[in-house]
Peer 1: 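Starting off with a structure, shown below.
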Amino acid sequence: MSRKVSRRAVLAGTAAAVAVSRFPSPAVAQAEPFRLGLLTVKTGPLAQGGIQMEQGVLTFLKERNYTMGGRKIDFISADTGGNPAGTKTKAQELVERDKVDVILGPLAAFELYAISDYVKEQKMPTLSLAAADNLTQRQPNPFLLRASATSSQAMHPMGHYAATELKLKRIACISEDFAFGYEQMGGFQAAFQQDGGCVVSKLWPPLVTPDYTPYVAQIADCDGVCQGFAGSNPIRFMKQYSAAGLKYPVVAGETGGDDALLKSYGEEAIGLVSCCPYTLDLPIDANQRFVDAMVKNYDTVPGQYAALLYVNCQVVDAALKTLNGDASDKDKLMTALRGVSLTETPRGPLKFDHLGNIVGTFYIRRIGTEGAKYGLKLWNKTIKTYDNVSQFWTWPEQEFLAHPVYSRDYPPLTKC
């Protein structure tokens with residue numbers, strides 16, 4: 001049963017306990033509202049990102065007085081619990097009970113894989129944060145659009161940078177034992193090895209791992225580490241990695257160095273180099289307005305989870321405008337969504353490829369103290385920018401798609 005949540009509860013984060021939350025829009029003299037559903041995670045180790053997802057959507061809606069493309073918005077937020085079964089149930093509720101017009105989310109790759117067939121059957125336009133590679137590659141879903149990145153998309157430039165500019169030769173990889181982790185590490189390995197590096201080991205702790213010490217103890221015979229942890233797990237890993245006395249430089253993808261984690265990181269994170277489709281320090285007006293709104297509304301700086309959901313809202317808004325607010329034909333709505341090209345977003349310019357995945361800018365950042373703002377002691381400083389990054393990196397599309405999706409065992413380890 002849906003329940004109303006007060007603004008005070010949302011700002012305090014107490015809405016995290018609510019499975020499905022409705023956020024009524026202000027009164028606007030219009031006809032039937034456009035129903036916007038969100039699949040997010042408010043409990044468990046992924047909750048840190050999931051709560052920011054909701055904050056990103058609400059920041060956009062508040063800025064636009066709860067309208068998109070001239071339509072009043074009825075926003076429904078659903079907590080999936082961060083598991084496939086819960087995600088499928090909440091997706092069904094949003095579609096069949098709440099009659100949403102578009103779904104934003106979910107967060108995790110394994111959640112998106114779990115609902116992809118259902119989304120396709122229901123012809124439900126879905127703008128996903130979840131990075132499940134294959135759903136815009138070998139098994140494309142015509143009702144899926146991704147304005148964030150595939151799991152491997154940030155790791156391709158990170159692997160290239162680690163080999164060519166950090167001059168690392170032998171990397172040990174470690175990430176959670178699920179689809180996002182496999183695809184991240186696969187992407188890093190493929191690009192790193194393409195440029196002469198070698199991955200010596202891949203370690204897979206479960207998503208809920210209270211102590212990484214047994215895994216950290218296995219890191220050896222390398223000159224660097226690539227970690228792909230998500231949610232709040234990067235904080236615990238980096239603290240335990242430092243406590244073990246390891247000094248190898250650490251690189252990460254979009255989640256391991258997320259800007260929203262800066263307030264919780266300590267000295268153990270200094271020097272961490274990451275690649276992300278969003279960066280807090282991007283000096284453009286669109287990003288500054290967004291950051292200021294997040295600080296004002298929630299007294300927190302945004303990371304990629306909030307920023308990329310805000311961007312998803314921009315995409316929906318732009319598509320509705322081209323349709324004069326008419327979302328009744330789902331095929332036409334998907335065509336409009338896929339045709340969106342934006343120049344003014346918090347992550348910079350973006351467009352979509354023919355499979356529904358983002359082509360955009362990715363940022364290499366290093367954590368340090370220089371330039372820290374908003375009361376933070378640490379800061380991600382951009383040190384290199386990669387423009388127009390596609391999900392296929394530098395490989396020809398057909399060559400890339402001829403290989404299996406990155407998995408736990410692919411690419412296989414080879415002797416260095």
Peer 1: So which heavy atom on Ala78 is nearest to which on Lys90, and how close?
Peer 2: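 Nearest pair, atom of Ala78 first, then Lys90: CB-CB, 4.0 Å.
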
Peer 1: Establish, from distance only, whether the side-chain atoms of Tyr113 and Asn134 form a donor-acceptor pair under 3.5 Å.
Peer 2: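 No, no side-chain donor-acceptor pair sits under 3.5 Å.
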
Peer 1: Counting distance only, does the side-chain N/O of Gln189 pair as donor-acceptor with the main-chain N or O of Pro412 below 3.5 Å?
Peer 2: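 Answer holds: yes.
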
Peer 1: Between Asp317 and Arg64 (salt bridge meaning N to carboxylate O under 4.0 Å), is one present in this structure?
Peer 2: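 The answer is yes: the pair qualifies as a salt bridge.
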
Peer 1: Got a second to check how far Asp258's CG is from Tyr265's OH, nearest 0.5 Å?
Peer 2: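 Between Asp258 CG and Tyr265 OH, I get 9.0 Å after rounding to 0.5 Å.
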
Peer 1: Under 3.5 Å, is there a donor on one side chain and an acceptor on the other for Ser242 and Glu268?
Peer 2: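 Not at all, the side chains of Ser242 and Glu268 share no donor-acceptor pair under 3.5 Å.
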
Peer 1: Indicate yes or no for a side-chain donor-acceptor contact from Arg347 to the backbone of Ala147 under 3.5 Å, with no hydrogens or angles considered.
Peer 2: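 Checking the backbone N and O of Ala147 against the side chain of Arg347, a donor-acceptor pair under 3.5 Å is found.
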
Peer 1: Nearest 0.5 Å, please: how far is CD in Gln227 from CE in Met238?
Peer 2: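 If we round to the nearest 0.5 Å, Met238:CE and Gln227:CD are 6.0 Å apart.
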
Peer 1: Please report the closest heavy-atom contact between Glu254 and Ala149, naming both atoms and the distance.
Peer 2: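 Minimum heavy-atom separation between Glu254 and Ala149: OE1-CB, 4.0 Å.
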
Peer 1: Please work out whether the ring planes of Tyr310 and Phe60 are parallel, tilted or perpendicular, with thresholds of 30° and 60°.
Peer 2: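 Perpendicular.
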
Peer 1: For the side chain of Gln52 and the backbone of Gly303, is there at least one donor-acceptor N/O pair under 3.5 Å apart?
Peer 2: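 A pair under 3.5 Å: yes.
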
Peer 1: For the residue pair Tyr410 and Tyr406, categorise the inter-ring angle as parallel (less than 30°), tilted (30 to 60°) or perpendicular (more than 60°).
Peer 2: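 Judged by the thresholds at 30° and 60°, the geometry between Tyr410 and Tyr406 is parallel.
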
Peer 1: Tell me whether Asp133 is salt-bridged to Arg138, with the criterion being a basic N under 4.0 Å from an acidic carboxylate O.
Peer 2: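 Arg138 and Asp133: not salt-bridged.
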
Peer 1: Return the CG to CZ distance between Leu127 and Phe143, rounded to the nearest 0.5 Å.
Peer 2: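 CZ of Phe143 is found 12.5 Å from CG of Leu127.
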
Peer 1: Do Phe188 and Ser152 come close enough that some side-chain heavy atom pair is under 4.5 Å?
Peer 2: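 Result no, sub-4.5 Å side-chain heavy-atom pair not found.
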
Peer 1: Can you tell whether the side chains of Lys99 and Glu96 come within less than 4.0 Å, N to carboxylate O?
Peer 2: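 A salt bridge is absent here (no side-chain N lies under 4.0 Å from a carboxylate O).
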
Peer 1: If every non-hydrogen atom of Pro140 is compared with every non-hydrogen atom of Leu355, which pair is closest and at what distance?
Peer 2: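 So the two residues come closest at CB-CD2, 4.0 Å.
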
Peer 1: Mind checking whether Tyr215 and Tyr212 have parallel, tilted or perpendicular rings, split at 30° and 60°?
Peer 2: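 Tyr215 and Tyr212: perpendicular rings.
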
Peer 1: Quick one: does Arg170's side chain have a donor or acceptor within less than 3.5 Å of a partner on Val200's backbone?
Peer 2: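 It does not hold such a pair.
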
Peer 1: Within the 3.5 Å criterion, strictly below it, is a donor on Thr382 or Arg365 matched to an acceptor on the partner's side chain?
Peer 2: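 The criterion, which ignores hydrogens and geometry beyond distance, is not satisfied for Arg365 and Thr382.
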
Peer 1: Report the C-alpha separation of Gln122 and Val119 in whole Å, then their side-chain angles, then the decisive distance to 0.1 Å, and conclude whether the side-chain contact (heavy atoms from CB on, under 4.5 Å) test is met.
Peer 2: CA-CA 5 Å; Gln122 296 294 317; Val119 164; over 6 Å; no

Peer 1: Go through the steps to decide whether Glu54 and Lys42 satisfy the test salt bridge (charged side-chain N to carboxylate O under 4.0 Å, His left out), and finish with yes or no.
Peer 2: CA-CA 9 Å; Glu54 184 174 276; Lys42 300 182 185 180; 2.6 Å; yes

Peer 1: For residues Asn233 and Glu176, is any side-chain donor paired with an opposing acceptor at under 3.5 Å?
Peer 2: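 Their side chains do contain a donor-acceptor pair, which is all the 3.5 Å distance test asks for.
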
Peer 1: Please answer whether the main-chain N or O of Phe392 pairs with a side-chain N or O of Ser390 as donor and acceptor at a distance below 3.5 Å.
Peer 2: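 Yes; at least one donor-acceptor contact below 3.5 Å.
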
Peer 1: Salt bridge or not for Lys381 and Asp281, using N-O below 4.0 Å?
Peer 2: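 No, Lys381 and Asp281 are not salt-bridged.
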
Peer 1: Return yes if a side-chain donor-acceptor contact under 3.5 Å exists between Glu111 and Thr80, otherwise no.
Peer 2: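 There is such a pair between these side chains.
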
Peer 1: Under the side-chain contact (heavy atoms from CB on, under 4.5 Å) rule, what do Tyr118 and Met124 come out as? Steps first, then yes or no, please.
Peer 2: CA-CA 8 Å; Tyr118 177 75; Met124 174 52 56; over 6 Å; no

Peer 1: Consider only side-chain N and O atoms of Asp326 and Ser328, and report whether a donor and an acceptor are under 3.5 Å apart.
Peer 2: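 Short answer, yes.
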
Peer 1: Determine yes or no for a side-chain-to-main-chain donor-acceptor pair under 3.5 angstrom, with Ser274 supplying the side chain and Gly256 the backbone.
Peer 2: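 No, because the side chain of Ser274 does not come within donor-acceptor range (under 3.5 Å) of the backbone of Gly256.
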
Peer 1: Any donor-acceptor pair under 3.5 Å linking the side-chain atoms of His354 with those of Glu397?
Peer 2: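 Side chains of Glu397 and His354: pair found under 3.5 Å.
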
Peer 1: May I ask you to establish whether Arg236 and Phe229 are in a cation-pi arrangement, using a distance under 6.0 Å from NZ or CZ to the six-membered ring centre and at most 45° from the ring axis?
Peer 2: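 No, Arg236 does not sit over the ring of Phe229.
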
Peer 1: Any carboxylate oxygen within less than 4.0 angstrom of a Lys/Arg side-chain nitrogen, looking at Lys330 and Asp101?
Peer 2: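 Salt bridge between Lys330 and Asp101, a charged N being under 4.0 Å from a carboxylate O: yes.
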
Peer 1: Rounded to the nearest 0.5 Å, what separation is found between the CG atom of Asp195 and the CD atom of Glu165?
Peer 2: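 Between atom CG of Asp195 and atom CD of Glu165 there are 10.5 Å.
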
Peer 1: Kindly indicate, with the supporting measurements, whether the criterion side-chain contact (heavy atoms from CB on, under 4.5 Å) is fulfilled by Ile103 and Leu39.
Peer 2: CA-CA 7 Å; Ile103 288 178; Leu39 293 172; 3.9 Å; yes

Peer 1: Hydrogens and angles aside, do Thr136 and Gln391 bring a side-chain donor and acceptor to less than 3.5 Å of each other?
Peer 2: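 Side chains of Thr136 and Gln391: pair found under 3.5 Å.
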
Peer 1: Would you confirm whether Asn287, through its side chain, and Leu280, through its main-chain N or O, come within 3.5 Å as a donor-acceptor pair?
Peer 2: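 Flag set: sc Asn287 to bb Leu280 pair under 3.5 Å.
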
Peer 1: Can you confirm whether the side chains of Asp409 and Ser407 place a donor and an acceptor under 3.5 Å from each other?
Peer 2: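 Absent: no donor and acceptor within the cut-off.
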
Peer 1: Do side-chain atoms of Lys123 reach the backbone of Lys120 as a donor and acceptor pair under 3.5 angstrom?
Peer 2: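 No.
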
Peer 1: Is Gln153 reaching over with its side chain to a backbone N or O of Ile358, donor-acceptor style, under 3.5 angstrom?
Peer 2: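 Yes, because the side chain of Gln153 sits within donor-acceptor range (under 3.5 Å) of the backbone of Ile358.
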
Peer 1: Is the terminal nitrogen or CZ of Lys384 (NZ for Lys, CZ for Arg) located under 6.0 angstrom from the six-membered ring centre of Tyr386 and within 45° of that ring's axis?
Peer 2: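 That pair qualifies as a cation-pi contact.
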
Peer 1: Decide side-chain contact (heavy atoms from CB on, under 4.5 Å) for Leu320 and Val316; before the verdict, give the C-alpha distance in whole Å, the side-chain angles of both, and the deciding distance to 0.1 Å.
Peer 2: CA-CA 6 Å; Leu320 280 177; Val316 175; 4.1 Å; yes

Peer 1: Has the side chain of Ser116 got a donor or acceptor atom that lies under 3.5 Å from a matching backbone atom of Leu112?
Peer 2: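 No, the answer is negative, given that no donor and acceptor are paired below the 3.5 Å cut-off.
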
Peer 1: Would you give the length of the straight line joining atom CH2 of Trp379 to atom OG1 of Thr369, rounded to the nearest 0.5 angstrom?
Peer 2: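 These two atoms lie 12.5 Å from each other.
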
Peer 1: So which heavy atom on Ala191 is nearest to which on His160, and how close?
Peer 2: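 What the structure gives for the nearest pair is CB-N, 4.1 Å.
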
Peer 1: Distance check, rounded to the nearest 0.5 Å: Phe180 atom CZ versus Phe110 atom CZ?
Peer 2: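 Between atom CZ of Phe180 and atom CZ of Phe110 there are 11.0 Å.
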
Peer 1: Report yes if the distance between the aromatic ring centroids of Tyr182 and Trp204 is under 6.0 Å, otherwise no.
Peer 2: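 For Tyr182 and Trp204, the ring centres are under 6.0 Å apart.
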
Peer 1: Please report the closest heavy-atom contact between Ala293 and Thr59, naming both atoms and the distance.
Peer 2: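 Closest approach of Ala293 to Thr59, heavy atoms only: CB-CG2, 3.6 Å.
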
Peer 1: Can you name the nearest heavy-atom pair linking Ala372 to Leu376, along with the distance?
Peer 2: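 Smallest interatomic distance, heavy atoms only, reads CB-O, 3.2 Å.
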
Peer 1: Pick one: which of Thr40, Ile115, Leu129 meets side chain to side chain contact (heavy atoms under 4.5 Å, CB included) with Pro106?
Peer 2: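 Only match with Pro106 under side chain to side chain contact (heavy atoms under 4.5 Å, CB included): Ile115.
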
